[in-house]
Protein chains: 2
Amino acid sequence: MARDAAVKTAPPASAISDATLREFTGYNMKRAFMVIQADVTRTLEPFGLRMVTYSALAIVGDNPGLSQTQLAAALAIERPNLVVIVDELEGRDLVNRDRVPTDRRTYALRLTTEGARLLARATEAVRGHEARMIKGIGKADEATLIACLNQIEASDTGRS
Amino acid sequence: MARDAAVKTAPPASAISDATLREFTGYNMKRAFMVIQADVTRTLEPFGLRMVTYSALAIVGDNPGLSQTQLAAALAIERPNLVVIVDELEGRDLVNRDRVPTDRRTYALRLTTEGARLLARATEAVRGHEARMIKGIGKADEATLIACLNQIEASDTGRS
DNA sequence: TCAAATAGATATGAGATATAATTATTGTTA
DNA sequence: TAACAATAATTATATCTCATATCTATTTGA
C-alpha cells in the first residue's frame, strides 16, 4: 500500500536528474545508507530491536561492565538519551545495571543471559542483512569500501 | 567548549571496543557519514543553507520547472514537509513558484537569478568539503567507493 | 571540611519525519 | 454533461530523534 502510493506520487520520477548532487560522495553515501537503514530496521524488527538498541547490546557485549557514560560515548549519543534506552533494555531483562562498590554513582552494564542470546540471534540476522547489501561487490572492492569509509571517518577534525 | 565536553565525558573512551559492529558495512558507513554531515553542515552554514535546502536548490537547478511532488520524490521526503522548505526558499527569493497555465493545481519551480548565484557559490564550497573528505584516497579507490555505494543503493528492494 | 567534578536521571525544547485530512483543480465516465 | 475519482498543494498534527539545562547523589581534591 505504501509502495503503491510512493510509485503513484512520482509519475515521471525517473526523468528527474540529480546530476549536481551525484558529484558528491556524501550524497551517494546518504542514498546508500538509506537503503541499508531501511533493510536493517526490517531485519531487527522481529527481535524487537532498533538500530540503536541493537548497537547498545553489541557494545555492552564487547565491553562488559562499562558505564552508561562510556556507552553513550561509544554510541555517539547524549547521556540523557541513553538513559531511556538502558531503561528499555533493562526492563526487558537484556542488560543489568550492576552497582559498583568502589563508586556508587556509576553502573556497570552487563548483558543478561537472555540479552546475550538475543544479541547472538540478532547478529546472525544482521549478517544476513550485510550479505544482501554487499551482494555483487567483490571481496577486494568490499575491502576498499571499508577502508575508504574508515579513512573518511578518521578525517574528522572534531571541531564544533 | 563542546569539544572539551565531549573529550571530558569519555575518560577512557579509547578503551571501548566496537569490534562486533565494525564487522558491518552499515556501521562503518554511519560513522563516516556522521563526519561528512557535520562538515557539510559547517560548510553550508555561511550561506544560510542546510543539507536539505542546498539539495533542493541543486535539484531545482538541474530540473527547472519541476513540481513540488517531483522535488519531494527526488529528495526522498514527504510532500507536506517540502512545503515549508519551498516556503523558505521562496521567501528568500531563491526559487519561484510559477503557475502552470495548463494545470493550475501545480507549480513549476525555478531558481531565481539570486538562487542560481547562491547555488553556484555553495556548490563551490561543497566541492571544498568533498576534497577535505576524500583527502588521502586515491582516484581509483574513490571510483570504487562510489561504485560500491551506488551498488548498495541499487540493491534496494523498496518493499515496505 | 568544603568546593568542584562526575554519573545518572529528569524535564524540556527544537528539529525532523510521517500521516490524515482539506481545498482547489483536473480527469474520467456513466 | 453531471458526478465521481484522482491529483497537487497545503494544513494540522502526532511522533521520534536529538540536544541542553538542571537536579540529586556521590566522589575527588584543594
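Protein chains get the first letters and strands the later ones, always in sequence-line order, with residue 1 at the start of each. If you're wondering where the values come from, they're calculated on a predicted model, not measured in any experiment.
- The side-chain heavy atoms of A:Gln68 and A:Arg79, taken from C-beta on, include no pair separated by under 4.5 Å.
- A donor-acceptor contact shorter than 3.5 Å links the side chain of B:Asp103 to the backbone of B:Arg105.
- Side-chain atoms of A:Glu142 and B:Cys148, non-hydrogen and from C-beta on, never get closer than 4.5 Å to each other.
- For the residue pair B:Thr20 and A:Asp62, a side-chain donor N or O sits within less than 3.5 Å of a side-chain acceptor on the partner.
- Within the 3.5 Å criterion, the main-chain N or O of B:Asn63 finds no donor-acceptor partner in the side chain of B:Arg110.
- Listed candidates were C:dA11, C:dG8, C:dA18. Nearest to the side chain of A:Pro80 is C:dA11.
- A:Leu75 has its CG atom 14 Å from the C1' atom of D:dC18, to the nearest Å.
- DNA chain C is contacted by no residue of residues 84-95 of chain B, taking any non-hydrogen atom closer than 4.0 Å.
- Between C:dA9 and A:Gln68, a contact under 4.0 Å exists linking OP1 or OP2 to a side-chain N or O.
- Within the 4.0 Å cut-off from OP1 or OP2 of D:dT7, not a single side-chain nitrogen or oxygen of B:Thr69 is found.
- Of the possible donor and acceptor atoms, one in the side chain of A:Asn28 sits under 3.5 Å from a partner among the backbone N and O of A:Arg22.
- Residues of residues 99-109 of chain A that place a heavy atom closer than 4.0 Å to DNA chain C, in numerical order, are A:Arg105, A:Thr106, A:Tyr107.
- Of the N and O atoms on the side chains of A:Tyr27 and A:Asp18, at least one donor lies less than 3.5 Å from an acceptor on the other residue.
- For the pair B:Gln70 CD and D:dA9 P, the interatomic distance rounds to 8 Å; values are reported in whole Å.
- Put simply, CD on A:Gln37 is 12 Å from C1' on D:dC16, counting in whole angstrom units.
- Along DNA chain C, the nucleotide nearest to A:Arg97 and the one nearest to B:Asn81 differ in position, and the one closer to the 5' end is contacted by A:Arg97.
- Here D:dA21 presents its P atom at 13 Å from CZ of A:Arg79, a figure rounded to the nearest Å.
- Checked by atom type, the side-chain pair A:Glu88/A:Thr53 shows no donor-acceptor distance below 3.5 Å.
- For A:Leu82 and D:dT17, the CG to P distance is 14 Å, given to the nearest whole Å.
- Between the CD1 atom of B:Ile77 and the P atom of D:dA9 there is a distance of 13 Å, given to the nearest Å.
- At a non-hydrogen distance threshold of 4.0 Å, B:Arg50 from residues 43-62 of chain B come into contact with DNA chain C.
- There is no side-chain donor-acceptor pair under 3.5 Å between A:Arg99 and A:Thr106.
- Between B:Leu44 and B:Arg50, the closest side-chain pair of non-hydrogen atoms is not below 4.5 Å.
- For the pair A:Glu78 CD and C:dG8 P, the interatomic distance rounds to 14 Å; values are reported in whole Å.
- The distance from atom CD of A:Glu114 to atom CG of A:Leu118, rounded to the nearest 0.5 Å, is 7.0 Å.
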